[in-house]
Protein chains: 2
Amino acid sequence: MFNNPEVVNAQTRELILSTAARIGYLPNESARTLATKRSHMVGLIWDTDHRRPGWRHPFFQEILIGLKTALSERGYHLLMLATSEDGTPDSFLRAVRRHNLDGVVFIDNGRADPSLQPLAESEVPCVSLDRPVRGPWTTYVTSDNVGGAREAVRHLHAIGRRAIATITGPAGTRPGAERLRGYLDELAALGLAHRPELVVEGDFYLSGGHTAMRALLELEERPDAVFAAGDEMAIGALRAVTEAGLKVPEDIALVGFDDIELAALVPPGLTTVAQDKAGFGTAAAAAVITMINEGATPAPRILPTSLVVRGSTG
Amino acid sequence: MFNNPEVVNAQTRELILSTAARIGYLPNESARTLATKRSHMVGLIWDTDHRRPGWRHPFFQEILIGLKTALSERGYHLLMLATSEDGTPDSFLRAVRRHNLDGVVFIDNGRADPSLQPLAESEVPCVSLDRPVRGPWTTYVTSDNVGGAREAVRHLHAIGRRAIATITGPAGTRPGAERLRGYLDELAALGLAHRPELVVEGDFYLSGGHTAMRALLELEERPDAVFAAGDEMAIGALRAVTEAGLKVPEDIALVGFDDIELAALVPPGLTTVAQDKAGFGTAAAAAVITMINEGATPAPRILPTSLVVRGSTG
DNA sequence: AGGTTTCATGCAACCGGTTACATGAAACCG
DNA sequence: CGGTTTCATGTAACCGGTTGCATGAAACCT
């Protein structure tokens, strides 16, 4: 009755529903789940290593809100899965099976986590963020890292800079690699020479950006612009430039990536490639629900980025 | 058997467990929940108004990790409850009943939210953060806002400041009111006169701090120190001081509250009253589990704060 | 040894839904 | 009008655990 309302005639249905409301009837989700093997719950795996302080994705909250809102509009709830105490690699898969979760979303730090593999290889619909995962029922959502990086470099070129350096993400992270690719592609497209000494590896954090910038400033022919593959690194770089007695953007123009809250707040304002944070959540929700309901694996979703120009590029 | 292992003898138990592991037996949580009416899940209500961008509690992630970790150690999972589409005031309560949730934690913005009232008045164990809630099975976790504020003022006095102003939280928020109380109490304890014009209301955000500071700078006898009831406001105030051509800490010493990540990053470093973020999560978890298992309502938990001294107070 | 108590084990009902199937009434056919 | 098809409604089994009770064996008593 509550699943196929059309099988009973309208008048009877009306009576039932009004009575149900009157006496406060509430369907029991556990009974429904037990009978149908569908829980209308999606698992969220985040921070797989609970000993570490958790990956400080700077806009986790916004992703989470988007995800939660989009799921709830379709009648799904979000269950946060904890790493189980035993630490066996299939602990997530077991938790999913025990709870009859209909699908899973994972947010890791952009590196492959072995404890997710059993899940990915199972029949459980999985959506990962920022990184493809190998498995029959998996897809992922990511930003257009290559395109965003290209736009950043193009912007620096457009304001007259020619010695454009980059501070990359750590080797082995997917977003880091893609943003580097975009940097190189755009240099080539603009006809600028690729100077290997202008590519310095960072760690996505403030200190890594600071260190990398100092290295760049010590070059004989120092750059007049830097594209940092993350805002925190860009802010670290900004500090290093200031400490060296140079000015942003006069001496060095700076572009970051992410558009974290701080980017707008740090003087003189950080130009950056904004990611669609809420879009991550809604796209992930849409993908997992498609898998659940249609039984088809949607193609990876590449979200567009947008350049936000602030004081650090004039 | 899986609930009372001691009722069968050790050898048999061993056999069962090993066989269970071998054939990959997994207990079905829905069946268990249906039979026992206990789901081993705790609901999380956060961001009750899903039309707004969500309350940007600056350390939501840390609270969440603490909560999730502490709950999972006791065998509980966290279900994020979405505001239901119908918007009726008892929608949360209905969701809790449908899922047989064992308890609920809510993180709101420090103001009473009417949609939480039916839940609070029910038999469901509820723990709220930063704010007491009226109901038979409710308790709360908060920081020692009064004590923290007093320590901040005492510190400013200790470094020689005597004209100590405060930028408060918005009227009507509990933490805001308590921090103001601490400010006033400590002034009295130190024998400093309370000058009403040195108390300016803010909004917990950057812009409010900025505006409030400008008002303070226009006073005839301007303060030589400011205690802001939140770090974001303190940073806004810092900016206003700098813009006015004055120096922190030489002309104005500044203390904030919260210890958000940014506090350490903004030059010259913000002295602030640090809250125990992870402690919020673990304390909330402990409280809700006590209510569930012991059937007793624990007393409100007041977490100690600690003063972190940085450049803004010399 | 016969009768009673103690305890382990097996069995069946139950939790609250879903679903496949049986039943019976109404609508249709020649 | 008898026989078949169509459709609505009622019934019972099932999902996979938990729990209270009945059963029967072992241990105890006089």
Side-chain angles (χ1 to χ4, degrees), chain A residues 1-43 74-77 79 81 84 90-91 93-103 122-125 289 292-293 295, chain B residues 1-43 74-77 79 81 84 90-91 93-103 122-124 292-293 295:
Chain A
M1 149 66 198
F2 285 95
N3 314 297
N4 292 35
E6 62 280 2
V7 303
V8 310
N9 82 51
Q11 201 174 350
T12 316
R13 190 192 324 161
E14 195 52 45
L15 174 65
I16 295 179
L17 290 177
S18 71
T19 313
R22 193 166 45 74
I23 66 175
Y25 167 77
L26 288 178
N28 181 309
E29 294 296 334
S30 306
R32 185 202 297 251
T33 300
L34 179 60
T36 61
K37 303 191 180 317
R38 304 184 78 230
S39 62
H40 298 276
M41 289 197 250
V42 169
R74 320 279 202 96
Y76 284 80
H77 288 262
L79 183 68
L81 290 180
S84 97
D90 63 340
S91 73
L93 179 54
R94 291 209 316 274
V96 167
R97 292 247 168 84
R98 288 171 67 129
H99 291 274
N100 283 298
L101 297 186
D102 297 339
S122 75
E123 77 296 344
V124 178
I289 287 174
I292 293 169
N293 289 335
Chain B
M1 149 66 197
F2 285 94
N3 313 299
N4 292 33
E6 60 282 3
V7 302
V8 308
N9 82 51
Q11 201 174 351
T12 315
R13 191 193 323 162
E14 195 52 44
L15 175 65
I16 295 180
L17 289 177
S18 71
T19 313
R22 193 166 45 73
I23 66 175
Y25 167 78
L26 288 177
N28 182 310
E29 294 296 335
S30 306
R32 184 201 297 250
T33 301
L34 180 59
T36 61
K37 303 193 181 318
R38 304 183 79 227
S39 62
H40 299 273
M41 289 195 254
V42 169
R74 320 279 201 96
Y76 283 80
H77 288 262
L79 183 68
L81 290 179
S84 97
D90 64 341
S91 73
L93 179 56
R94 291 208 317 274
V96 167
R97 293 247 168 85
R98 287 171 66 127
H99 290 273
N100 283 297
L101 298 186
D102 298 339
S122 76
E123 78 295 345
V124 178
I292 294 169
N293 289 335

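So that the names make sense, note that chain A is the first sequence line, chain B the second, and so on, each numbered from 1. Just so it is clear, the values below take in all heavy atoms, side chains as well, and ignore hydrogens, waters and symmetry mates.
Comparing the local axis fitted to the first five base pairs of the helix from C:dA1-D:dT30 to C:dG30-D:dC1 with the one fitted to its last five gives a bend of 50°, rounded to 10°.
Using a 4.5 Å cut-off on side-chain heavy atoms (C-beta onward), A:Ser30 and B:Asn100 make contact. A:Asn28 is not listed as a side-chain neighbour of B:Arg98, based on a closest heavy-atom distance of 4.5 Å or more. Using a 4.5 Å cut-off on side-chain heavy atoms (C-beta onward), A:Arg97 and A:Leu93 make contact. Side chains of B:Val42 and B:His77 form no contact here, defined as non-hydrogen atoms less than 4.5 Å apart.
For the pair B:Asn100 CG and C:dG17 C1', the computed distance is 12 Å after rounding to whole Å. If you measure from atom CG of A:Asn28 to atom P of D:dC15, you get 18 Å, rounded to the nearest angstrom. A straight line from CG of A:Leu26 to P of C:dG16 spans 12 Å, rounded to a whole angstrom. In this structure, CD of B:Glu29 is placed 13 Å from C1' of D:dT18, rounded to the nearest angstrom. Across the protein-nucleic acid pair, B:Arg32 atom CZ and C:dG17 atom C1' stand 20 Å apart, rounded to whole Å. Remark: C1' of C:dG16 and CZ of B:Arg38 are 19 Å apart, rounded to the nearest angstrom.
Checked against C:dG17, D:dG17, C:dC15, the side chain of B:Leu34 finds its nearest nucleotide in C:dC15. Here C:dT19 is the nucleotide among C:dG17, C:dT19, C:dC15 with the atom lying nearest to any side-chain atom of A:Thr36.
Looking at every heavy atom in both residues, A:Leu81 comes nearest to A:Val96 through CD1-CG2, 4.0 Å.
Between B:Lys37 and C:dG16, a side-chain N or O to OP1/OP2 separation shorter than 4.0 Å is present.
A salt bridge does not link A:Glu29 with A:Arg38: every distance from a Lys NZ or Arg NE/NH1/NH2 to an Asp or Glu carboxylate oxygen is 4.0 Å or more.
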